[in-house]
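Inspection log for the structure reproduced underneath, given as structure tokens.
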Amino acid sequence: MYALFDDAGKFLAGRILSEAESSAQIELDSGKRVKVKAANVLLKFDKPTPAELTAQAQALSADIDPQLAWEFASDEEFGFADLARDYFSESASTIEQVAALFKLFEAPHYFRRAGKGRFKKAPAEIVQQALAAIEKKKQIQAQIDAWAEELVAGTTPEPVQQQLYKILFRPDKNAPEYKAVVEASRKAQLAPLALLQKAGAINSSYQFHWQRFLFDNFPKGTGFPAVTAPQPPTDLPQADVQAYSIDDSQTTEIDDALSVRGLGTGQVTVGVHIAAPGLAIEPGSALDHLGRNRYSTVYMPGYKVTMLPDEVVQIYTLDEGRANPAVSLYVTYNEETLEVIAKETKLERVPVVVNFRYDKLDHIATEEWLTDSSLQVENTPQPLLEKREELTFLYRLSRHLKAGREVVRGKPENFNRPDYNFRLVGNDGAVPTGSETVEISVRKRGAPLDLIVAEAAIVANSSWGQLLADYGVPGIYRSQASLAPGVKVRMSTKALPHAGIGVKSYVWATSPLRRYTDLVNQWQIIACARNGATAALVAPFKPKDAEMFSIISGFDAAYSAYNGYQAGMERFWTLKYLEQHQISELTATVMKEGAAGSMMVRADALPLVFPVLGAQNLPRGAQVRVKLGEIDEITLDVTGTVLERLDDTGAEQASEDSPEDEEEAVAGPIAIAVDMSDGEDAATTKTD
């Protein structure tokens, strides 16, 4: 005697070895013996054999029309044998009964389960809805198949093109466009990015990176809504100074300027003047929301996306030839000893007489020119000559301030590597296309004018950080507990030391046109300048204000994303530079171990870090000549092979690792969110 039984939703059959009142011992065809509850035994039979029964019943079940079976079935609860008798004949065979069972189990949209081997008809309206859903699913699958065929054939369907960045980086894994890419990748046996490139979905490497950035950070575009820029207060006093800014030629948001008074009197007052949008833009206003939505200006070679609309920037930027609203810090120094005598913060209009530009003056305003008054340089601009004495004092002061900070830091600040400037020829400020000619120039870090501006900013940011703390007014601080490896800069609302800079407290407050944290801090500083000891009562943000923490969190995320994109685009244009100049070999310096047996090297004359083979036995700091491999502008990858070592082969490994080396991000394979696994949870895959 054989029995058919239900084993957790699976139908099995075997020979009955023994039976009790509540269970039976059954031997399966495999020889395995199982104990089955009597309630789970659905049918007992003598023939055919279990294997024959299952095979013949499955074949017959495929021929049963579920719609016809539904019409034949009783409106009351029924068993599978009842349906077999209604559908086939009154004397339905064992095979026909089991075939009916299989069909009932496979058609839940027609029949609902009511117990072991028991069923009930689904209402007609539910059946219709289910059939419509099944038909729709078939149509969607047909569409997926058609799109996948197009992709494999080398063309991209328009719906897939429109959803490209969503498919790759933030997909709805149930969407047909996403499924079509997965199916096509499997059929073509290509990685998704390679497939989409071959199908023409990605036809510009630059646009790929740009559109991906917009998708993640500016899904509604980079344009601004129409806004009315508020005018600054008209009752601001005008400062008795002749200020000047120092920036590069591409800077349009001029946040800071300097002034010097009292040279030769024994007491010299240095003014650090910061553009003051905070005097007119109010917290909670439409402009405030615009700034907070972006948090910062985004920089990239040849282009930028500003934090505030240009018509707003133009009202507050410190352009030459006018008296601009500013928050000014005046620090009075002993002219001989450079000891600080007094500090004062004022809200005023500051006459800016000239906007100096680094790239046009660095070759003139050298250390020699600033320390030797007899040195003359041909074609020195008259405004620079007029400010030479002041700049000489500022350079002397800057070196003094830097030396003092280095004592606190415990070690000197080293500018081991240059800054690289990128210029795209022909785009004239428009969004680049990726086809522009790129020029890369070198600017020595720590150049005199650079040092002057940097030290003035540190004085302002540390002084205002202390001012806020003294008045009990919260600010957004940057701190670093120590210079130990792995100790990073943190943002908080507490005035804590910044070991990396060597100051007791430090806020960002000198770039309010370009960074939202600086605008927030400026509102708090303005409250201090206006109200003194009672500033905490009227400042826009109060102590332990949850809004402050929200701003810090949002800014951190946005600023990190923007810096990552800027670094990626600088790498993109560096790779373009190699291609445009047909550079196949570079000299480089060994940095550290890379992945898969490679070593990381830094190019000596370009801003490029990349892995090489053949340097495994070379010490850090070794100079090598490298042959470059193939460049991938999508993944921003390039590799190399060491051809020869150029320096003394007996040189020892450098004893100290640079934190910059440890933290430097190197672009590599792009992580995409297309899951090629079948029936598994989504997992991020990497392209080759």
### Query
Nearest heavy-atom pair of Tyr358 and Asp450: which atoms, and what distance?
CE2-N, 3.6 Å
#### Entry: Partner of Leu513 by side-chain contact (heavy atoms from CB on, under 4.5 Å), out of Thr317, Ile254, Ile274, Thr297
Thr317
### Message
Rounded to the nearest 0.5 Å, what separates atom CG in Leu370 from atom CD1 in Ile452?
### Response
6.0 Å
### Query
Got a sec: does the CD of Glu406 have more than 12 other heavy atoms crowding it under 6.0 Å?
yes
### Candidates Glu344, Glu348, Lys346 - the one meeting side chain to side chain donor-acceptor pair (under 3.5 Å) with Ser328
Glu348
### Message
Whether the Asp248 and Thr251 side chains hold a donor-acceptor pair (N or O, under 3.5 Å, no angle test) is what I'd like checked.
### Response
yes
### Message
Can a side-chain donor-acceptor contact be found between Asp310 and Gln314 if the only test is distance below 3.5 angstrom?
### Response
yes
### Side-chain heavy-atom pair Tyr477, Leu496 within 4.5 angstrom cut-off
no
### Summary
Closest non-hydrogen contact found for Leu483 with Gly500 is CD2-CA, 3.5 Å
### Query
Do Asn563 and Tyr299 pass the side-chain hydrogen bond (donor to acceptor under 3.5 Å, both in side chains) test, and can you show the C-alpha distance, the side-chain angles, and the key distance before you say yes or no?
CA-CA 8 Å; Asn563 284 341; Tyr299 295 95; over 6 Å; no
#### Entry: Residue pair Arg357 / Asn355, side-chain donor-acceptor N/O under 3.5 Å
no
### Task
Before giving the answer on side chain to side chain contact (heavy atoms under 4.5 Å, CB included), spell out for Ile458 and Leu401 the whole-Å C-alpha distance, their side-chain angles and the decisive distance to 0.1 Å.
CA-CA 9 Å; Ile458 292 172; Leu401 294 171; over 6 Å; no
### Task
Would you check if Leu391 and Val260 make a side-chain contact, meaning some heavy-atom pair closer than 4.5 Å?
no
## Note on the structure
CZ of Phe541 to CD of Glu547, rounded to nearest 0.5 Å, is 6.0 Å
### Query
Do Tyr244 and His273 make the cut of ring centroids closer than 6.0 angstrom?
no
### Task
Please determine which of Glu253, Gln250, Gln566 meets the side chain to side chain donor-acceptor pair (under 3.5 Å) test together with Lys304.
Glu253
### Query
Looking at side-chain heavy atoms only, is the closest gap between Trp523 and Val520 below 4.5 Å?
yes
### Task
Determine whether the side chains of Thr510 and Asp256 contain a donor N or O and an acceptor N or O closer than 3.5 Å.
no
### Query
Above 12 or not: heavy atoms from other molecules or residues under 6.0 Å from NZ of Lys343?
yes
### Task
Answer with yes or no whether the side chains of Ser550 and Arg292 bring together a donor and an acceptor at under 3.5 Å.
yes
#### Entry: Result of checking Phe549, Phe555, Tyr559 against Met491 for side-chain contact (heavy atoms from CB on, under 4.5 Å)
Phe555
#### Entry: Trace of the side chain to side chain contact (heavy atoms under 4.5 Å, CB included) decision for Tyr333 with Ile341
CA-CA 5 Å; Tyr333 296 93; Ile341 298 173; 6.0 Å; no
### OG on Ser492 to CE on Met548, rounded to 0.5 Å
10.5 Å
### Query
Can a donor-acceptor pair be found between the side chains of Tyr506 and Asn461 at a distance below 3.5 Å?
yes
### Message
How about CD on Glu339, more than 12 heavy atoms from neighbouring residues, nucleotides or ligands closer than 6.0 Å, or not?
### Response
no
### Task
Find the distance between OG1 (Thr269) and CD (Glu335) and round it off to the nearest 0.5 Å.
10.5 Å
### Query
What pairs with Trp210 under ring pair (Phe, Tyr, Trp, His ring centres under 6.0 Å), at least two apart in sequence or on another chain?
Tyr303
### Message
Distance check, rounded to the nearest 0.5 Å: Ile246 atom CD1 versus Leu394 atom CG?
### Response
7.5 Å
### Query
Is the closest side-chain donor-acceptor distance between Asp255 and Tyr316 under 3.5 Å?
no
### Query
Should we say atom NZ of Lys542 is surrounded by more than 12 heavy atoms from elsewhere, each under 6.0 Å from it?
yes
### Task
Verify side chain to side chain contact (heavy atoms under 4.5 Å, CB included) between Val601 and Val609, making sure each step is shown before the conclusion.
CA-CA 6 Å; Val601 301; Val609 173; over 6 Å; no
#### Entry: From Thr574 atom OG1 to Met569 atom CE, the distance as rounded to the nearest 0.5 Å
10.5 Å
### Task
Would you check, one step at a time, whether the test side chain to side chain contact (heavy atoms under 4.5 Å, CB included) holds for Phe224 with Leu290?
CA-CA 8 Å; Phe224 288 100; Leu290 284 182; 4.0 Å; yes
### Message
Any heavy-atom pair between the side chains of Pro474 and Asp545 that's under 4.5 Å?
### Response
no
### Query
With side chains defined as the heavy atoms from C-beta onward, is the minimum distance between Val340 and Thr332 less than 4.5 Å?
no
### Message
So if I apply the side chain to side chain donor-acceptor pair (under 3.5 Å) rule between Glu455 and each of Arg405, His400, Lys402, which one comes out positive?
### Response
Arg405
### Other residues, nucleotides, ligands: >12 heavy atoms within 6.0 Å of Glu282 CD
no
